[in-house]
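None of the values given here were measured: they were computed from a predicted structure. Just so we're on the same page: letters track the sequence lines, and every chain starts at 1.
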Number of protein chains: 2
Amino acid sequence: MVSIISVAKAAGVSNKTVSRVINGEPYVTEETRERVEKAIRDLGYIPNMAARLIRSSRSNTFGIITDYVSTTPYSVDIVRGIQDWANANGKTILMANTGGSSKREAEIWKMFQSHRIDGVLYVTMYRRTVDPEAGDVRIPTVMINCRPQTNELLPSIEPDDYQGAQDLTRYLLDRGHRKIGYIRLNPILLGAQLRLDAFRKTAAEFGLAESDLSIRLGMEGPVGAEKNYVFAAATEMLQQKDRPTAIMSGNDEMTIQVYIATMALGLRIPEDVSIVGFDDFRTVSLALKPELTTAALPYYALGLEGADLLNSVVAGNKARPSRRVMPCKLVERTSVQSV
Amino acid sequence: MVSIISVAKAAGVSNKTVSRVINGEPYVTEETRERVEKAIRDLGYIPNMAARLIRSSRSNTFGIITDYVSTTPYSVDIVRGIQDWANANGKTILMANTGGSSKREAEIWKMFQSHRIDGVLYVTMYRRTVDPEAGDVRIPTVMINCRPQTNELLPSIEPDDYQGAQDLTRYLLDRGHRKIGYIRLNPILLGAQLRLDAFRKTAAEFGLAESDLSIRLGMEGPVGAEKNYVFAAATEMLQQKDRPTAIMSGNDEMTIQVYIATMALGLRIPEDVSIVGFDDFRTVSLALKPELTTAALPYYALGLEGADLLNSVVAGNKARPSRRVMPCKLVERTSVQSV
DNA sequence: TTGTAAGCGTTATCAG
DNA sequence: CTGATAACGCTTACAA
């Protein structure tokens with residue numbers, strides 16, 4: 001492998017001068033710089049990060065720890081956001097997946113440390129509280145889409161589930177709906193309670209009584225092996241004599257079943273029943289006909305912001321074990337009609 | 001940071017002896033070994049990979065290059081497969097995403113080289129042919145879910161789209177269907193032609209005429225901005241006087257629209273129309289009611305095998321710029337009925 | 001503006 | 001079985 005020394009030799013300068021050129025340091029004649037750059041090009045020299053790290057002990061590398069990436073496909077956007085940030089800022093990303101095993105998580109932390117990473121982005125694919133095994137370690141960490149269970153106060157970034165559900169509920173209310181159904185998300189997810197609260201409170205603010213609301217549990221049980229009541233719940237809900245004119249469902253994925261249940265009952269969307277989802281999981285929200293009005297979860301932004309926050313923590317801007325929240329954006333399509 | 005030397009000092013041995021213990025080399029007394037291990041534990045010593053690499057020039061790191069991870073959510077399973085392999089074999093994963101930009105791809109290759117990675121897994125999220133910018137570089141590379149456009153003959157691993165579609169078609173044929181519809185995948189995807197061919201040939205083998213087949217284009221155009229004809233195509237197909245008794249669709253995502261179109265026409269699934277998908281994208285295939293019979297794409301296996309293949313290439317087992325293919329597995333659920 | 005020398009944490013070599 | 005010592009490719013400190 002061609003090293004800094006071969007370049008120095010080829011350019012007829014010292015290794016330090018080459019180092020200066022590589023790192024864009026000042027105090028190099030334009031002429032020398034060019035000569036060195038030519039040598040670099042000619043020899044196809046590429047700096048060795050490992051050697052650099054060993055001296056400067058700043059790896060410019062972030063680690064990402066995820067849990068069940070695969071089970072919630074849309075949230076890969078978080079990772080994409082992180083990668084894009086890293087790419088734009090010259091950082092490298094090391095990635096590992098716990099698969100839910102805390103033994104593995106411990107190994108990962110160790111592996112990260114052996115690479116002397118600058119910081120960790122702890123990403124969960126469902127919004128929930130977790131307890132990173134960081135434990136004894138003092139690596140700067142930012143949590144994305146989750147928050148620490150203990151009071152350790154790591155900074156975290158989460159989507160604003162409350163605001164998203166509030167917007168959606170208002171949207172329905174503004175269009176005259178006064179009987180509204182809600183299919184609840186799995187209660188073990190952090191977002192579930194927030195979304196439900198927002199739904200209830202917003203409806204109340206508009207003067208709806210609890211009896212105007214049909215609230216049903218859509219799913220429950222451990223992630224990846226949950227019990228699914230959505231279809232049955234939606235069917236039952238729509239068979240009430242005083243059936244809702246609009247249904248809001250915990251997420252877009254569940255909405256598929258709401259659509260099918262509605263249609264199986266011979267009801268039309270949105271003429272007979274308006275429907276909104278949550279997440280803007282486009283594989284679903286755009287595939288449904290009519291296309292689904294929903295609230296977009298800011299996954300990409302979560303990743304981008306998370307990386308940026310971690311960076312500032314690493315840079316020493318301590319002082320802020322903050323919990324930041326990113327807004328959800330209502331995406332209006334055609335599954336809702338005014339009554 | 002605690003280094004090998006502090007450990008050596010604490011254990012009262014030389015640094016080389018510590019190194020021997022860390023790397024599980026022979027010729028160390030059990031007693032010495034224990035003393036060293038204790039020192040390691042006491043001091044919380046963690047080996048510095050960068051320092052190790054600089055001497056041994058084997059980074060034990062693989063790079064993953066992906067294109068549009070986010071647009072095809074299910075294929076994150078490929079990455080999970082790779083990660084699991086890496087985890088089980090003590091390798092580290094560096095990950096980067098081109099976002100489709102070849103300028104960025106070039107940067108990524110450079111970045112990977114600066115980390116002296118042992119090999120690259122080139123993963124595309126849709127099966128298609130690509131031309132990795134590897135170019136001048138001689139890093140061992142394995143392509144997953146795609147194949148080299150040029151004849152450069154990099155080893156590749158792909159799903160067996162043909163066999164998957166064949167199985168699905170036979171499944172329908174075996175159950176007595178003799179009028180079958182097919183909604184085609186976007187033709188720019190490698191799998192599209194293979195699946196269609198398999199459908200046609202298998203139907204022909206069973207003695208069906210071309211006129212027994214209703215074949216419609218479901219999508220076309222650039223990935224991420226395709227035009228979508230699925231709903232219209234399915235509706236039209238089912239309104240023919242001699243309508244198919246079964247529909248096969250390019251993938252599960254498209255199947256959502258097929259379901260909705262079918263139901264909107266007042267037809268029941270599977271009593272009036274049987275439906276099969278492709279991919280086993282579970283977010284969809286399990287959410288549909290009745291649950292969808294489909295062919296599971298071996299994404300996880302692709303990742304696992306790809307990493308393993310790369311490893312053997314790196315280890316020097318040249319000789320095989322092979323193109324390996326992994327089978328799709330038919331997943332039987334309840335969307336098909338015999339006629 | 002440039003060069004020299006030391007040192008980072010490992011592993012490799014070779015002598016003991 | 002164990003230990004000095006060199007070497008890896010780079011940055012840092014300091015000197016020129």
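With rounding to whole Å, A/Lys16 atom NZ is found 17 Å from C/dG7 atom P. At whole-Å resolution of the value, CG in B/Asn23 and P in C/dA12 are 8 Å apart. Here the P atom of nucleotide C/dT2 and the CD atom of A/Glu25 are 12 Å apart, to the nearest Å. Rounded to an integer number of Å, the gap from A/Arg35 CZ to C/dT2 C1' is 11 Å. Spacing between atom CD1 of B/Ile5 and atom P of C/dT11 amounts to 12 Å, rounded to whole angstrom units. In this structure, A/Tyr27 places its OH atom 17 Å from P of C/dG3, rounding to the nearest Å. Counting to the nearest Å, the C1' atom of C/dT10 and the CZ atom of B/Arg58 are 17 Å from each other. In this structure, A/Ile4 places its CD1 atom 13 Å from C1' of D/dC8, rounding to the nearest Å.
With a 6.0 Å radius and a threshold of 12 heavy atoms from other residues, nucleotides or ligands, A/Lys16 has its NZ atom above the threshold.
Here B/Lys38 does not pair with B/Glu34 in a salt bridge; the nearest charged N to carboxylate O distance is not below 4.0 Å. With respect to B/Lys103 and B/Glu107, a salt bridge is recorded, a charged nitrogen being found less than 4.0 Å from a carboxylate O.
At the phosphate of C/dG3, OP1 or OP2 sits under 4.0 Å from a side-chain N or O atom of A/Thr17. Residue A/Thr32 places at least one side-chain N or O closer than 4.0 Å to OP1 or OP2 of C/dT2. Using a 4.0 Å cut-off, no side-chain N or O of A/Thr29 falls inside it from OP1 or OP2 of C/dT1.
Checking C/dC8, C/dA5, D/dA6 against every side-chain atom of A/Asn15, the shortest atom distance belongs to C/dA5.
Along DNA chain D, the nucleotide closest to B/Gly12 and the one closest to A/Val2 are compared, and the more 5′ of them pairs with B/Gly12. Nearest-nucleotide assignment on DNA chain D puts the 5′-proximal partner with B/Val28, out of B/Val28 and A/Ser19.
Looking at B/Arg55, its side chain comes within 3.5 Å of the base of D/dA7 through a donor and an acceptor atom. One N or O donor and one acceptor, one from the side chain of A/Arg20 and one from the base of C/dT2, sit under 3.5 Å apart.
Within the nucleic acid shown, A/Pro26 has no heavy atom closer than 4.0 Å to any nucleic acid atom.
Listed here is the closest heavy atom pair of B/Ile82 and B/Val123: CD1-CG2, 4.1 Å.
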Checking side chain to side chain donor-acceptor pair (under 3.5 Å) for the pair B/Thr61/B/His115: CA distance, chi angles, key distance, verdict? CA-CA 8 Å; B/Thr61 300; B/His115 282 277; over 6 Å; no

